[in-house]
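Presented below is the structure to which this report refers.
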Amino acid sequence: MPRTITFNQLRAIKAQLPEGSIHEIAKRLNMNVQSVRNYFGGSNYDTGEMQGVHIEPGPGGGFVTLDDPTILDMALEILDQKKG
């Protein structure tokens, strides 16, 4: 089910991830690391793909609709583990 958050929230989640988390998510999902970075707002499409992220103008950097929130859910799980 799609999920919508602000672009700034998405970037803040990425910024809070411990070092190596993007690689861990990519490995667990058998994806290219740059594709995971692109999910969080990166724009290197030479080595990565867009992962169902749609950005609309608005407050907080705009609104981001994620077709599949799996990567976001994994990032939030990593952050929860970091807190615990």
Quick one: pull up [atom1] in [X] and [atom2] in [Y] and give me the separation to the nearest 0.5 Å.
X     : Y     : atom1 : atom2 : result
Ile25 : Arg37 : CD1   : CZ    : 11.0 Å
Ile13 : Leu76 : CD1   : CG    : 4.5 Å
Tyr39 : Gln34 : OH    : CD    : 15.5 Å

State which residues pass side chain to side chain donor-acceptor pair (under 3.5 Å) with Asn8; sequence neighbours excluded, sorted by chain then number.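 Testing Asn8 for side chain to side chain donor-acceptor pair (under 3.5 Å), a comparison that skips the adjacent residues, returns none.
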Listed once per pair and sorted, the salt bridge (charged side-chain N to carboxylate O under 4.0 Å, His left out) pairs that draw on residues 11-22, sequence neighbours left out: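 Listed by first then second residue: nothing to list.
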Restricting to pairs with a member in residues 75-84, which pass salt bridge (charged side-chain N to carboxylate O under 4.0 Å, His left out), not counting sequence neighbours?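 Matches after skipping sequence neighbours: Arg28-Glu77.
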Side chains of Ile55 and Phe63, heavy atoms from C-beta outward: is any pair under 4.5 Å?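 No. Closest side-chain heavy atoms not under 4.5 Å.
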What's the shortest heavy-atom distance between [X] and [Y], and which atoms?
X     : Y     : result
Pro59 : Thr6  : O-CG2, 4.1 Å
Leu79 : Gln16 : CD2-O, 3.4 Å
Val64 : Leu10 : CG1-CD2, 4.1 Å
Phe40 : Ala75 : CZ-CB, 3.8 Å

Apply salt bridge (charged side-chain N to carboxylate O under 4.0 Å, His left out) to residues Arg3 and Asp68 and explain how you reach the verdict. CA-CA 8 Å; Arg3 190 176 310 163; Asp68 181 351; over 6 Å; no
Begin from the C-alpha positions of His54 and Asp67 and carry the test side-chain contact (heavy atoms from CB on, under 4.5 Å) through to its verdict. CA-CA 8 Å; His54 311 280; Asp67 290 343; 2.9 Å; yes
No-hydrogen, no-angle side-chain donor-acceptor test under 3.5 Å, Glu24 and Ser21: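 No, because no side-chain N or O of Glu24 sits under 3.5 Å from a partner of the opposite role on Ser21.
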Of Leu17, Ile71, Ile78, the residue whose pairing with Ile22 passes side chain to side chain contact (heavy atoms under 4.5 Å, CB included):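 The option that passes is Leu17.
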